[in-house]
Amino acid sequence: MVKIAVKGWGEREVPAGTTVMEALKELSGKLYKEAMAVRIDGTVVDLSTPLREDTALEVVTFDEPEGAEAYRHTASHIMAQAVKRLYDKNVQLGIGPSINEGFYYDFDFGDTLTVEDLEKVEKEMHKIVKEDLPLERLEVSREEAINIFRERGEDYKIELINGLEDSDRITCYRQGDFIDLCTGPHLPSTGRVKVFKLLSLAGAYWRGDESRPMLQRIYGTAFPKQKMLEEYMQRLEEARRRDHRKLGRELDLFSLHEEAPGFPFYHPRGMIIRRELERFWQDEHRRAGYVEVETPLILNRELWERSGHWEHYKENMYFTRIDDEDYAVKPMNCPGAMLIYKMGMHSYRDFPLRVAEMGLVHRHERSGTLHGLMRARSFIQDDAHIFMLPEQVEDEVEGVIDLVDRFYSVFGFTYHVELSTRPEKSMGSDEMWERATTALRAVLDKKDISYKVNEGDGAFYGPKIDFHLQDCLGRTWQCGTIQLDFQMPEKFDLHYIGPDGQKHRPAMIHRVVYGAMERFLALLIEHYGGAFPLWLAPVQAVIIPITDRQHSYALELEQLLLSHGVRAELDDRSEKVGYKIREAQVQKVPYMLVVGDREVQSRTVAVRHREKGDLGPVSIEAFLADIKKEIEHKS
RNA sequence: GCUCACGUAGCUCAGGAGGUUAGAGCGUAUCCUUGGUAAGGAUAAGGUCACCGGUUCGAAUCCGGUCGUGAGCUCCA
């Protein structure tokens with residue numbers, strides 16, 4: 001007999017060799033049902049693990065990431081098995097992990113797979129679930145593993161095995177006639193997977209490498225309860241309602257056209273929001289010690305050769321010819337900023353020199369990557385270049401981090417941070433890169449910010465810290481970034497006069513806070529679901545007279561609000577109040593001011609707030625004071 | 001750029017397995033209505049069915065190509 005101790009459930013003695021699953025069943029039926037796996041000594045293992053000695057364990061349910069992973073990973077194996085059954089001869093397996101809210105599996109198909117096939121696959125999956133095949137964990141030697149997959153013609157799996165660490169123990173999972181290379185853990189049998197749905201079909205390069213074959217990926221998700229799936233689908237649906245491309249059209253903020261793919265058009269209402277964001281940005285930057293400049297859109301080829309863009313960034317640039325000379329449309333603002341810096345002598349006393357530029361840049365992004373305002377071919381970067389002494393780098397990086405944090409918290413964004421290191425295609429010496437990367441790391445560590453490291457993802461001129469925000473579907477987008485650059489100052493032979501009266505090389509950082517106005521606006525639209533806070537709302541108050549008897553009063557009111565800088569509109573159409581209110585609600589206007597005879601009489605407005613509803617009559621003066629205060633507070 | 005899918009009125013979508021004048025709702029215009037907190041009524045305008053080519057007596061419908069869009073991959077703010 002061995003003793004098991006289940007955290008929160010007590011102990012029990014069971015015969016040695018009993019599986020965890022059987023032991024849990026003894027303890028509680030509920031426990032047995034809800035367990036996806038168990039954690040022993042911090043490691044998550046299968047429920048089918050036999051108990052050989054006294055064991056303390058913890059049940060892992062679907063609520064935990066590891067539990068959901070085991071569940072969905074099993075679902076992905078079921079899908080792969082179904083696909084093999086249906087299309088056997090034509091299919092080779094790629095990989096099939098669980099992901100955030102579901103799972104996928106990549107297949108190399110002889111014929112192409114179409115959406116109609118998904119239904120067939122689902123049907124076959126239901127059969128496999130019904131068969132309740134046990135999942136068996138196998139530990140085999142490298143040779144055995146290779147033999148298994150060679151026999152099955154699974155070339156991709158063999159490549160994976162060859163890429164594994166020098167361990168002789170390779171684990172596979174078998175369910176019926178299906179076998180897959182996998183470390184697990186998995187559910188004990190296919191019958192445990194209750195609810196699943198195949199969601200979409202997409203291409204995906206083998207091992208994420210563009211030069212390797214493109215496999216076909218099927219995405220799906222799985223849950224223990226039907227209701228959970230329904231809730232998930234509903235969440236997706238709601239998220240789609242917040243999509244900035246949809247809201248951008250409905251709220252008349254911007255548009256995109258076939259005539260200019262990837263080049264956004266701002267409409268008057270979108271323009272208002274952008275200008276407010278810019279105004280806020282300028283105020284904050286002035287306060288943070290920045291000066292502002294503007295550099296041209298088109299600059300001579302020679303400049304781009306000097307900056308390294310011609311060599312490292314050419315495929316993303318647009319070109320033109322002027323008087324028989326090559327020019328490029330700027331994809332970045334830095335070379336222009338370099339020229340301004342070089343216009344005069346700089347003393348170490350002037351440092352740090354923080355030079356900001358709201359610069360419109362154009363980049364030839366590949367057609368498949370375009371995504372509304374999130375990923376466009378022209379966008380405005382809220383750029384700045386900071387020139388400084390090498391020993392000022394850490395303080396300046398810290399200052400920018402604080403600035404980014406202040407901005408994002410105004411909008412209520414939560415963000416995560418990434419650090420990107422030297423890419424293959426890059427300029428400069430190893431020491432420079434090492435020094436720059438260490439400096440960035442030091443600041444992040446000092447500020448106790450947790451970050452993810454992206455090896456090889458830096459810019460060609462230096463490493464960077466990135467700030468990422470999430471869109472309505474949880475996809476993350478890089479917004480703020482701080483890029484350390486010891487290259488440009490070198491290339492452009494920048495210098496400053498030090499205390500010793502000699503010329504020295506300044507250090508430089510490129511940084512953006514919003515990132516790109518387009519992307520940030522898109523994220524704001526999705527974040528607020530189109531209901532912008534008062535200070536950003538394109539229309540802050542709409543005046544709704546009940547009959548045309550109140551029109552002159554309404555007009556007077558509109559003028560008063562406009563004269564105080566409140567963005568007011570008068571809805572003087574001959575529609576009923578309900579209709580006008582509905583329209584204002586749909587347009588997410590923060591305040592609706594209903595005026596009828598009573599309000600004219602008492603010189604008040606009946607205030608209706610888009611969320612709080614009817615707030616009753618308020619004097620004109622009081623409303624004006626309140627709304628001005630609220631705008632001021634950016635709440 | 002790659003894989004799969006999609007492209008019908010300003011918007012959301014019907015329809016179309018080849019056959020006279022292509023439909024609805026919302027929106028727009030005009031008129032009626034002057035109505036107190038999420039859609040009052042009537043009439044009208046609006047489409048070379050993305051574009052180019054092919055098959056056919058005949059194409060919005062079938063085929064091919066181009067462009068654009070969506071999801072994903074790759075790449076990136």
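Every chain is numbered from 1, with letters handed out A, B, ... down the list of sequences. None of the values given here were measured: they were computed from a predicted structure.
Comparing the C1' positions of B/rA22 and B/rG15 gives an interatomic distance of 8 Å, to the nearest angstrom. Comparing the P positions of B/rA5 and B/rG65 gives a spacing of 13 Å, expressed to the nearest Å. B/rC51 and B/rU8 have their P atoms separated by 10 Å, given to the nearest Å. Taking atom P on both B/rC62 and B/rC76, the two are 40 Å apart, rounded to the nearest angstrom. Taking atom P on both B/rC6 and B/rG10, the two are 23 Å apart, rounded to the nearest angstrom. For the P atoms, the distance from B/rG19 to B/rA29 is 37 Å, rounded to whole Å. Spacing between B/rU28 and B/rU12 at atom C1', rounded to whole Å, works out to 16 Å. Annotation: B/rA60 and B/rC49 have their C1' atoms spaced 4 Å apart (nearest Å).
Under the Watson-Crick or G-U wobble criterion, with both distances below 3.5 Å, B/rC67 is paired with B/rG7. Using Watson-Crick or G-U wobble geometry with both donor-acceptor distances under 3.5 Å, B/rA38 finds no partner in any strand shown. Across all strands shown, B/rC62 forms a Watson-Crick or G-U wobble pair, both distances under 3.5 Å, with B/rG54. Base pairing analysis places B/rA17 opposite nothing; no Watson-Crick or G-U wobble pair with both distances below 3.5 Å involves it. The partner of B/rC75 cannot be assigned: no Watson-Crick or G-U wobble pair with both contacts below 3.5 Å exists in any strand. Judged by Watson-Crick or G-U wobble contacts below 3.5 Å, the nucleotide B/rA44 has B/rU28 as its partner.
Regarding A/Gln587, its CD atom lies at a distance of 12 Å from the C1' atom of B/rG27, rounded to whole Å. Per the geometry, NZ belonging to A/Lys580 stands 12 Å off P belonging to B/rG36, to the nearest Å. Between the C1' atom of B/rA42 and the CD atom of A/Glu575 lies a distance of 13 Å, rounded to the nearest Å. Here the P atom of nucleotide B/rU37 and the CD atom of A/Gln550 are 14 Å apart, to the nearest Å. If you measure from atom CD1 of A/Ile218 to atom C1' of B/rU3, you get 13 Å, rounded to the nearest angstrom. Taking atom CD on A/Glu237 and atom C1' on B/rU12, their separation rounds to 13 Å, with Å as the unit. Rounded to an integer number of Å, the gap from A/Asp571 CG to B/rU37 C1' is 13 Å. Atom pair A/Asp548:CG and B/rC32:P shows a separation of 12 Å (rounding to whole Å applied).
Residue A/Tyr579 places no side-chain N or O under 4.0 Å from the OP1 or OP2 atom of B/rG41. Dashed line: the shortest gap from a side-chain N or O of A/Arg573 to OP1 or OP2 of B/rG27 is not under 4.0 Å.
Scanning atom types as modelled, one donor and one acceptor separated by under 3.5 angstrom connect the side chain of A/Ser574 and the base of B/rU33.
The listed nucleotides are B/rU34, B/rA39, B/rU3; the one nearest the side chain of A/Arg582 is B/rA39. Closest contact between the side chain of A/Arg598 and the listed nucleotides B/rG36, B/rG35, B/rA38 involves B/rG36.
In this structure a side-chain-to-backbone donor-acceptor pair under 3.5 Å is missing from A/Gln540 to A/Tyr591.
Salt bridge annotation for A/Glu159-A/Arg207: present, with a cationic side-chain nitrogen under 4.0 angstrom from a carboxylate oxygen. Taking a cutoff of 4.0 Å between a charged side-chain nitrogen and a carboxylate oxygen, A/Glu418 and A/Lys452 qualify as a salt bridge. Salt bridge status for A/Arg269 with A/Glu569: present, with a side-chain N to carboxylate O gap under 4.0 Å. Electrostatic pairing of A/Glu276 and A/Arg279 counts as a salt bridge here, judged by a charged N lying under 4.0 Å from a carboxylate O.
Base contact: A/Glu599 has a heavy atom under 4.0 Å from a base atom. Within 4.0 Å (heavy atoms only), A/Glu583 reaches no atom of the nucleic acid at all. Residue contacts shown for A/Gly578 are limited to sugar-phosphate atoms, with no base heavy atom under 4.0 Å away.
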- Note on the structure: Once base and sugar-phosphate atoms are separated, protein heavy atoms under 4.0 Å mark nucleotides 66-77 of chain B, 5' to 3', with B, S and - as -SSSSSBBBBBB
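A/Asp466 and A/Tyr451 form no side-chain donor-acceptor contact under 3.5 Å, judged by distance and modelled atom types alone. Judged by distance alone, the side chains of A/Asp106 and A/Tyr156 never bring a donor and an acceptor atom under 3.5 Å apart. Side-chain atoms of A/Asp252 and A/His267 form a donor-acceptor pair, as typed in the model, at a separation below 3.5 Å. Neither side chain, A/Gln550 nor A/Glu599, offers a donor N or O lying under 3.5 Å from an acceptor on the other.
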N/O donor to acceptor pairs below 3.5 angstrom from side-chain atoms of residues 525-534 of chain A, sequence neighbours left out:
residue	atom	partner	partner atom	Å
A/Glu526	OE1	A/Cys472	N	2.7
A/Glu526	OE2	A/His244	N	2.8
A/Glu526	OE2	A/His244	ND1	2.9
A/His527	NE2	A/Phe411	O	2.7
A/Tyr528	OH	A/Phe411	O	3.4

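For the pair A/Lys246 and A/Gly616, both in contact range of RNA chain B, the more 5′-proximal nearest nucleotide belongs to A/Lys246.
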